[in-house]
Amino acid sequence: MKTIGITGPTGAGKTTALNALRSLGAEVVDADAVYHRLLEESESLKKALTGAFGEEILDKMGKIDRRRLSQAVYPHRLEELNALTHPAILSEIAGLKRKAEGEGRAALAIDAIALIESGLGQWCDVVVAVLAPLEVRVRRIMARDGIDEDYARRRALAQKPDTFFRSHSDHTLENREGDRPEDFEERALLLFRALLE
């Protein structure tokens, strides 16, 4: 089973790239979705996060409030968050990979902003970075998450620069300023068809 890692900063267009992979029959694992599920379900992770960031990250029901957690983390404590969450995410994804292999899937795509830093990139046969200009990413984050420009910009700037993603990837998909979604998707399809041959 071929494993393709998809990485890049938030708002760059990874979802479009992953949809292209799905259309080619790949099983997709979204590290963010795994992370969000762990935030809701894992008592050990909740204990570790409240120990690091305080009880104020919890809502009235005692659950982790993702927005409050983000506000406690960005822009200066992202590495601390990652050190606490990556081991749990890696363990979950290892289980999903074993399941996909057992089902005889031809390909597995792992979508993760921190693919390289977390060690997930080492599980991949090929790593593809999805990149877009900062201003494009800020607009997308604002629209997607319903947040103001200042908060969106802080989130975007807290992530690794494009040079990091380029230097740690086998291929780069550029989501350029003037691209229509279908333009970018077609470039993604061309690359992924070649990788899955």
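The shown structure was predicted, so the numbers you read here are calculated from the model rather than taken from an experiment.
Under the 4.5 Å side-chain criterion, counting only non-hydrogen atoms from C-beta, Leu69 is not in contact with Asp65. Taking the side chain as every heavy atom from C-beta outward, Cys124 and Val127 approach each other to under 4.5 Å. Leu39 places a side-chain heavy atom less than 4.5 Å from the side chain of Leu45. Contact of the Phe53 side chain with the Glu80 side chain is registered, since non-hydrogen atoms from C-beta on lie closer than 4.5 Å. Side-chain contact between Leu131 and Pro9 is present, with at least one heavy-atom pair separated by less than 4.5 Å. In this structure the side chain of Ile64 never reaches within 4.5 angstrom of the side chain of Asp59, judged on heavy atoms. Between Tyr35 and Asp30, the closest side-chain pair of non-hydrogen atoms is not below 4.5 Å. Under the 4.5 Å side-chain criterion, counting only non-hydrogen atoms from C-beta, Thr172 is not in contact with Asp162.
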>> If you apply the rule side-chain contact (heavy atoms from CB on, under 4.5 Å), what do you find for Glu149 with Val138, and how did you get there?
In response: CA-CA 7 Å; Glu149 183 177 351; Val138 168; 4.0 Å; yes

> Checking salt bridge (Lys or Arg N to Asp or Glu O under 4.0 Å) for the pair Glu177/Arg139: CA distance, chi angles, key distance, verdict?
Replying inline: CA-CA 11 Å; Glu177 177 78 42; Arg139 287 195 302 271; 3.0 Å; yes

> For Ile110 and Thr3, what are the C-alpha separation, side-chain angles and deciding distance, and is it a side-chain contact (heavy atoms from CB on, under 4.5 Å)?
Replying inline: CA-CA 7 Å; Ile110 301 175; Thr3 302; 3.9 Å; yes

> Under the salt bridge (Lys or Arg N to Asp or Glu O under 4.0 Å) criterion, do Arg176 and Glu174 qualify, and how do the steps go?
Replying inline: CA-CA 6 Å; Arg176 298 183 287 254; Glu174 299 279 352; over 6 Å; no

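Counting all heavy atoms, side chain and backbone alike, Lys160 lies closest to Phe165 at O-CE1, 3.4 Å. Counting all heavy atoms, side chain and backbone alike, Ala188 lies closest to Ala17 at CB-CA, 4.3 Å. Listed here is the closest heavy atom pair of Lys47 and Thr50: O-OG1, 3.2 Å.
Comment: Glu40 does not engage Lys46 in a salt bridge, judged by the lack of any side-chain N to carboxylate O separation of less than 4.0 angstrom. Using a cut-off of 4.0 Å between Lys/Arg side-chain N and Asp/Glu carboxylate O, Asp179 and Arg187 are scored as salt-bridged. The existence of a salt bridge linking Lys99 and Glu103 is confirmed by a sub-4.0 Å separation between a basic side-chain nitrogen and an acidic carboxylate oxygen. Salt-bridge formation is detected for the pair Asp145/Arg155: a Lys NZ or Arg NE/NH1/NH2 atom is positioned less than 4.0 Å from an Asp or Glu carboxylate oxygen. Ion pair Arg98/Glu92 not flagged as a salt bridge, since none of the NZ, NE, NH1 or NH2 atoms sits closer than 4.0 Å to an Asp/Glu carboxylate oxygen. Comment: Arg153 engages Glu135 in a salt bridge, judged by a side-chain N to carboxylate O separation of less than 4.0 angstrom.
No more than 12 heavy atoms of other residues, nucleotides or ligands lie within 6.0 Å of CZ in Arg66, so this atom counts as exposed by the packing criterion. Within 6.0 Å of CD in Gln71 there are more than 12 heavy atoms belonging to other residues, nucleotides or ligands. Atom NZ of Lys63 has 12 or fewer heavy atoms from other residues, nucleotides or ligands within 6.0 Å. The neighbour count for Arg77 CZ, taken as heavy atoms of other residues, nucleotides or ligands under 6.0 Å away, is above 12.
Of the possible polar contacts, one joining the Thr7 side chain to the Ala112 backbone as a donor-acceptor pair under 3.5 Å is found. Side-chain N or O atoms of Ser23 include one that pairs as donor or acceptor with a backbone N or O of Ala20 at under 3.5 Å. Arg68 places a side-chain N or O within 3.5 Å of a backbone atom of Leu58 that can act as its donor or acceptor partner. Between the side chain of Arg140 and the backbone N or O of Gly11 there is at least one donor-acceptor pair closer than 3.5 Å. In this structure, Lys14 contributes its side chain and Gly8 its backbone to a donor-acceptor pair below 3.5 Å. For the pair Asn175 (side chain) and Ala132 (backbone), a donor-acceptor distance under 3.5 Å is absent. Looking at Ser91, its side chain never comes within 3.5 Å of a backbone N or O of Pro87 through a donor-acceptor pair.
Separation of atoms CG (Leu38) and OG (Ser44) is listed at 8.5 Å; rounding is to 0.5 Å. The OG1 atom of Thr15 sits 11.5 Å away from atom CD of Glu185, with the distance rounded to the nearest 0.5 Å. Once rounded to the nearest 0.5 Å, the distance linking CD of Glu101 with CD of Glu27 reads 12.0 Å. Expressed to the nearest 0.5 Å, how far CZ of Arg154 lies from CD of Gln159 amounts to 13.0 Å.
With hydrophobic clusters built from ILVMFWY side chains whose heavy atoms lie under 4.5 angstrom apart, Leu157 does not share a cluster with Ile147. Ile57 and Tyr151 are not part of a single hydrophobic cluster, where members link through side-chain heavy atoms under 4.5 Å apart. Under the 4.5 Å side-chain heavy-atom criterion for ILVMFWY residues, a single connected hydrophobic cluster contains both Leu90 and Leu108. Both Met1 and Leu120 belong to a common hydrophobic cluster when Ile, Leu, Val, Met, Phe, Trp and Tyr are linked at side-chain heavy-atom distances under 4.5 angstrom. Residues Leu78 and Ile89 fall within the same hydrophobic cluster, defined by Ile, Leu, Val, Met, Phe, Trp and Tyr side chains chained together at heavy-atom separations under 4.5 Å.
In this model, a donor atom of one side chain and an acceptor atom of the other lie less than 3.5 Å apart for Thr10 and Arg144.
By the 4.5 Å side-chain criterion applied to Ile, Leu, Val, Met, Phe, Trp and Tyr, Val28 is assigned to a cluster that also includes Ile4, Ile6, Leu18, Leu21, Leu24, Val126, Val128, Val130, Leu173, Phe184, Leu189, Leu191, Phe192, Leu195, Leu196.
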